[in-house]
Amino acid sequence: MVLSKTATESGENVCSTFGSRYVRTVLPKYEIGESSIPKDAAYQIIKDELMLDGNPRLNLASFVTTWMEPECDKLIMESINKNYVDMDEYPVTTELQNRCVNIIARLFNAPLNETETAVGVGTVGSSEAIMLAGLAFKRNWQNKRKAEGKPYDKPNIVTGANVQVCWEKFARYFEVELKEVKLSEGYYVMDPDKAAEMVDENTICVAAILGSTLNGEFEDVKRLNDLLVKKNEETGWNTPIHVDAASGGFIAPFIYPELEWDFRLPLVKSINVSGHKYGLVYAGIGWVVWRTSEDLPEELIFHINYLGADQPTFTLNFSKGSSQIIAQYYQLIRLGFEGYKNVMENCIENMVVLKEGIDKTERFNIVSKDVGVPVVAFSLKDHSFHNEFEISEMLRRFGWIVPAYTMPADAQHITVLRVVIREDFSRTLAERLVSDIVKVLHELDTLPSKISSKMGDGKEKKMEKEKLMEVIGGWRKFVKDKKKINGVC
Amino acid sequence: MVLSHAASDSDVSVHSTFASRYVRTSLPRFKMPENSIPKEAAYQIINDELMLDGNPRLNLASFVTTWMEPECDKLIMASINKNYVDMDEYPVTTELQNRCVNMIAHLFNAPLGETETAVGVGTVGSSEAIMLAGLAFKRKWQNKRKAEGKPFDKPNIVTGANVQVCWEKFARYFEVELKEVKLSEGYYVMDPEKAVEMVDENTICVAAILGSTLNGEFEDVKLLNDLLVQKNKETGWDTPIHVDAASGGFIAPFLYPELEWDFRLPLVKSINVSGHKYGLVYAGIGWVVWRNKEDLPDELIFHINYLGADQPTFTLNFSKGSSQVIAQYYQLIRLGHEGYRNVMENCRENMIVLREGLEKTERFNIVSKDVGVPLVAFSLKDNSSHTEFEVSDMLRRYGWIVPAYTMPPNAQHITVLRVVIREDFSRTLAERLVIDIVKVMHELDELPSRMIHKISLGEEKSEANGDNLMVTVKKSDMEKQREIINGWKKFVSDRKKTSGIC
């Protein structure tokens, strides 16, 4: 009798992914595993875990682009293995960056003639751009003070308290004092008069924001310029202005071309803009441009030789991908002036639809303005039973990510919910959001009545409830305060 | 009679891309165009212009990864629209970053307990990582000096002259003096003894490189540590070490596990590594890890609240893509120790094939070592007729990008060609490169004989004319020309130094 033994375990490559042992074993989380695993298993495991991340397109917290055309996706994938900094090896990519810088500089009315090349650079985002601009101001100011024989160890920068967290980073890492103009209820941006007052001889620049993170408002850069021109005449300090146009830089030129905020104002020496916000590119690209080469001290620039010509570079990051730069160039030539204008007009239309829908519920105050970045910031009229954080949490259940924030000093008692209207937030979505907000309000309305019926009329119980509310309120405030550093972006 | 007027210009959307008017019009280069153009045209125009870029996979100048598995490409595309910094909204991506930090910290033998979380962060590259590490050292040193009541306005950092350009950037932008240990012929990395001599009370740290950019050599971090421990005992300055393991961090643990260079040495307080070099991820990801919490001053950290828990962050960049972080995690779990070891062993094998092929030509000196980053740095034995720059230029015609560099002071007279062996540089390519280099040498060999021929013609002529002066004049003309060319090339290559050969 012949005993035959059949193989009971098939070869591994026969198992379907979810039939294999790889989805059964615990993956080491904090140490590298000893053995390799098949690529399909690795792909599936990671993809599955990432399903629990939020959906980027429903992330209404962020200004950063979440959709691009498939043709652009193709270009991005094709250049994903190009290291941007190898300028010698990828001269065309370098040329594309230079073109973007020039296009953006001219969009901001930099005083350049037809053939002059602009001074500017592509960065990983507005944070890097702001640090570079700040460094330039700091160095210019130091050189000026040294030449005058005055002390230069206490530089400061004047901004509004509504400033984004990267300015605080710049101040802390580059040892510059941050002098913040406090906000007040109803006035949520930097007051140019107060700012000009705070300027002293140690001020390296005043930073104005075109498109405040919190409510999308444009600061009055023209007024700041005029006040500062006068003050400079009196003091001789020559304090310059930097415009943080991270959001507004790709909005104002198309929708509000008569608004003077850029290099048309003589004291504006540098501007930064995020390519990945209304520049309509995925996360990872920003731009900074200087008015002229005098505004960028030569000693900060590193000179690289490529193609026999001099390529000056001034960045914090070195190796990085080329994809976003190519994507930015794609958008600039694909859309052109008319295309960007159309996109922005759509965003504003949809913002108005959302705003009117929220207005109609009669439960909210609208905190954002119509002129500015297309966002809708709103807060509850009646805070006694519920607050904006609860609304935010309940909206999450529907899939929407709508953040709630407290305003910075001195308006910390105001909390707002903020929805950012991006290119890919269509009217259908705006209407759906309104109906979901209405649903949430109905649900919340049912809750307090449940609690008060449980509480009964007992005085002691009422006091306990108040105490509980105080404790909860206090803890929430504590959490919100810490949340401030979230760099609402 | 009815006159019909046929449309001579069809609707634009009917035209194939290359038949449309879009590829005929000149796109404004410096100004935003007024009108939109169709997406197919935009794609085609850019794609075509980019054809003239070098081929990334043949770019043998770079350590940075140029190939990943298709599964990983899929993950990258799927997460391209996730802004990494939105930690609240993408908690899993944030968790993946934390896991990578912990895995890398353990790889570097950070002294962590079973459940202790590592201190570290993902960055856009080693440049950002080094700036963060340097900032931490600077702030710690300042605090120490303030507490001692001593001046803290002149911090300095000690490194070798072979250091990558990001250290010079750090020094310049953060106002720290850079004290460089000069190299010498035959010794192209930082000498630990000279480095320790240069340490003074204002030194915030000594930076050692594991995998020197120029020839791939590992610096002797252990010797540096031992010498510095001794000096610290005498002076009480407590000078720490930072290891720039941009290239070597993902090589040494797999090929040379017994080499002590990481947190096993007590003075090493922080290490940076490029995920996009031998971490095998596309450009745009680096990592920095600190030994423990004390080495990262709390005042530099920004605290973000996510999921009710505290998420400390310390980066220069804010918004950026999530793709590379996810890709790094993919590689770490996909390959594991075994996979990384296999890749590195293959690289080393192919490096040896290339090196032996070059040695066989008997025209080159090999400047790189066998232990270190898998690259082959070589220079011509005979520089008199041709230079390495010419070899580099001629190789370009075959499609290869092999750069030539001069060494930093004090070895500026040495020029090397450098080929980096990456994961995707197979043996076939190595053999083909050797063949092409041999072809280039043959071509170059023919050139000087033409020049000598001209000169010898001149000599004959002069003999005939009995005019030796003419010959001398011609010769020195040629020499002068060569001098000028060499001088200019050196000027260019000196300026190239700031290219931060990476």
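Naming convention: chains lettered A, B, ... in sequence-line order (proteins, then strands); numbering from 1 in each chain.
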Donor-acceptor side-chain pairing of B:Asn98 and A:Tyr30 below 3.5 angstrom: no

Cation-pi check, A:Lys169 to B:Phe318: give yes when NZ or CZ is under 6.0 Å from the six-membered ring centre and within 45° of the ring axis, no otherwise. no

Does B:Glu40 come within less than 4.0 Å of A:Arg334, counting only side-chain N to carboxylate O? no

Against chain B, label A:Asn317 side chain, backbone, both or neither, depending on which of its atoms sit under 4.5 Å from a heavy atom there. both

Could you state the interatomic distance from CZ (B:Arg334) to CD1 (A:Ile46), rounded to the nearest 0.5 Å? 11.0 Å

Per-residue contact mode, A:Lys341 against chain B (heavy atom under 4.5 angstrom): neither

Main chain of A:Lys320, side chain of B:Tyr282: is a donor-acceptor contact present, judged purely on distance under 3.5 Å? no

Do B:Glu128 and A:Leu316 pass the side-chain contact (heavy atoms from CB on, under 4.5 Å) test, and can you show the C-alpha distance, the side-chain angles, and the key distance before you say yes or no? CA-CA 7 Å; B:Glu128 186 187 356; A:Leu316 296 181; over 6 Å; no

Just how far is it from atom CG of A:Asp40 to atom CD of B:Glu69, taken to the nearest 0.5 Å? 9.0 Å

Could you tell me whether A:Glu34 and B:Arg341 have a side-chain N and a carboxylate O separated by less than 4.0 Å? yes

Quick check: does any side chain N or O of B:Asn81 sit under 3.5 Å from a backbone N or O of A:Thr66, one acting as donor and the other as acceptor? yes

Decide whether a cation-pi geometry holds between B:Arg172 and A:Phe302; the criteria are a distance under 6.0 Å from NZ or CZ to the six-membered ring centre and an angle within 45° of the ring axis. yes

Whatever's closer than 4.5 Å to a heavy atom in chain A on B:Ile37 counts as both

Heavy-atom donor-acceptor pair, B:Ser36 side chain to A:Leu335 backbone, under 3.5 Å: yes

Among side-chain atoms of B:Thr93 and A:Asp53, is any donor-acceptor pair under 3.5 angstrom? yes

